[in-house]
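Okay, structure first, notes after.
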Amino acid sequence: MRNLLNFLMKYSTWFVFTFYVLVSLILLFSFNSYQGSVYLTSANAVTGTINESMSEVTGYFNLRQINRELQQSNASLANEVLNLKNEIKHLRTLVDDSIPYSRFPKRFDFETASVINNSTRHPRNYFTINKGSADGIAPGMGIVDQNGVVGIVNVCGKHTSRVISVLTKDQHFSVKLKGTQFVGSLTWKEKDPGTAWVEEIPRHARYRIGDTIVTSGFSTTFPEGIPVGVVMSQVHGSDNNFFTLKIKLSSDFNNLTTVRVIKDNLKAELDSLSLFDRDGD
């Protein structure tokens with residue numbers, strides 16, 4: 001208490017001065033319209049600047065949530081597009097109008113997930129997502145990001161899954177030249193995470209530099225038409241009946257953050273039919 005009294009007595013002159021200044025300012029701005037308007041304008045400007053800065057800061061911390069919501073929205077829209085394409089393809093097979101049509105079952109669903117670790121510098125690269133068997137994820141499901149194909153689920157835990165990256169030596173993906181039926185096999189040959197090769201393209205296939213490579217749809221892993229990359233050049237293959245294309249991958253594998261897992265609702269049925277066909281052979 002003694003120290004507080006000593007402090008107040010020591011600086012009493014400053015306290016009195018500050019008090020009179022505040023009273024003077026209040027009287028000045030309260031009873032003079034011009035000075036009052038200047039004060040309000042200045043105060044609003046300062047407040048606006050502070051609020052804008054606070055908004056930018058809070059907006060920055062909300063980016064993760066905003067991005068997650070956008071990815072979920074994109075996943076929903078992509079799901080609708082793929083299922084509509086599936087229905088249209090089914091309808092085109094109905095030549096006879098007298099054949100009753102029941103709504104084709106919804107084939108594809110998407111589950112949004114975050115990448116929690118990733119590698120791009122090894123001969124065989126993997127990344128991990130924060131969704132697992134408890135979320136309906138299973139080995140063999142395809143993984144895409146907002147730009148294109150990135151991998152296939154390899155091993156599932158309850159809440160996480162390991163994914164085989166496209167950047168994996170000897171891992172093949174069925175792809176084709178967009179707008180054609182020329183199918184090839186996508187493979188990666190190490191070193192550069194931005195490029196890959198499409199092998200076994202028929203020699204008579206026609207293409208241009210910049211043409212898009214997409215998934216073929218010849219498996220239950222990926223629907224048809226998902227982007228993979230664009231053609232950069234042609235490379236001589238070992239077989240004279242086919243050639244190899246060097247492509248620039250659509251996805252940036254050094255910056256994978258949010259991805260979508262593709263669930264094919266007809267996978268079990270299609271796999272059982274394939275097994276039946278093999279048994280019949």
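In what follows, every heavy atom counts, from backbone to side chain, and hydrogens, waters and symmetry copies are set aside. Position 1 is the first residue of the sequence; numbering continues from there.
Under the side chain to side chain donor-acceptor pair (under 3.5 Å) criterion, Lys263 pairs with no residue, sequence neighbours left out. In this structure Asp211 satisfies the side chain to side chain donor-acceptor pair (under 3.5 Å) test with no other residue, sequence neighbours excluded. Every residue two or more places apart in sequence or in another chain was checked for a ring pair (Phe, Tyr, Trp, His ring centres under 6.0 Å) with Tyr126, and none qualifies. Take Asn130 and apply the side chain to side chain contact (heavy atoms under 4.5 Å, CB included) test, not counting sequence neighbours, and it matches Ala113, Ser114, Ile116. By the salt bridge (charged side-chain N to carboxylate O under 4.0 Å, His left out) test, Lys189 is found to be paired with Glu199, residues two or more places apart in sequence or in another chain being considered. In this structure Lys169 satisfies the salt bridge (charged side-chain N to carboxylate O under 4.0 Å, His left out) test together with Glu190, sequence neighbours excluded. Here Gln234 pairs with Arg203, Tyr207, Phe243, Leu245 under the side chain to side chain contact (heavy atoms under 4.5 Å, CB included) rule; sequence neighbours left out. Under the salt bridge (charged side-chain N to carboxylate O under 4.0 Å, His left out) criterion, Lys178 pairs with no residue, sequence neighbours left out.
Judged by distance alone, with hydrogens and angles left aside, the side-chain atoms of Thr180 form a donor-acceptor pair with the main-chain N or O of Leu177 at under 3.5 Å. Looking at Asp145, its side chain does come within 3.5 Å of a backbone N or O of Asn147 through a donor-acceptor pair. No donor-acceptor pair under 3.5 Å is formed between the side chain of Ser250 and the backbone N or O of Gly148. Side chain of Thr215 to main chain of Val175: no donor-acceptor pair is present (N/O by atom type, distance under 3.5 Å, no hydrogens or angles). Not one N or O on the side chain of Lys248 forms a donor-acceptor pair closer than 3.5 Å with the backbone of Met232.
With hydrogens and angles left out, the side-chain atoms of Asp109 and Asn265 include a donor and acceptor closer than 3.5 Å.
Applying the side-chain hydrogen bond (donor to acceptor under 3.5 Å, both in side chains) test to every pair with at least one member in residues 116-125, sequence neighbours left out, gives these pairs: Asn117-Thr128, Ser119-Asn125, Thr120-Asn254, Arg124-Asp170. The stretch residues 153-200 participates, sequence neighbours left out, in these ring pair (Phe, Tyr, Trp, His ring centres under 6.0 Å) pairs: Phe182-His204. Within the structure, salt bridge (charged side-chain N to carboxylate O under 4.0 Å, His left out) pairs that include any residue of residues 146-166 do not occur (at least two apart or interchain).
Separation of atoms CG (Asp252) and CD (Gln146) is listed at 9.0 Å; rounding is to 0.5 Å. The OG atom of Ser161 sits 13.5 Å away from atom CD1 of Ile152, with the distance rounded to the nearest 0.5 Å.
Nearest heavy atoms, Ala196 versus Thr187: CB-O, 3.4 Å.
Within the 4.5 Å cutoff, side-chain heavy atoms of Glu111 are placed close to those of Ile137. You'll find the side chain of Phe110 stays beyond 4.5 Å of the side chain of Val261, heavy atoms only.
With side-chain heavy atoms closer than 4.5 Å counting as contact, directly or through intermediates, the hydrophobic cluster containing Phe218 also holds Val183.
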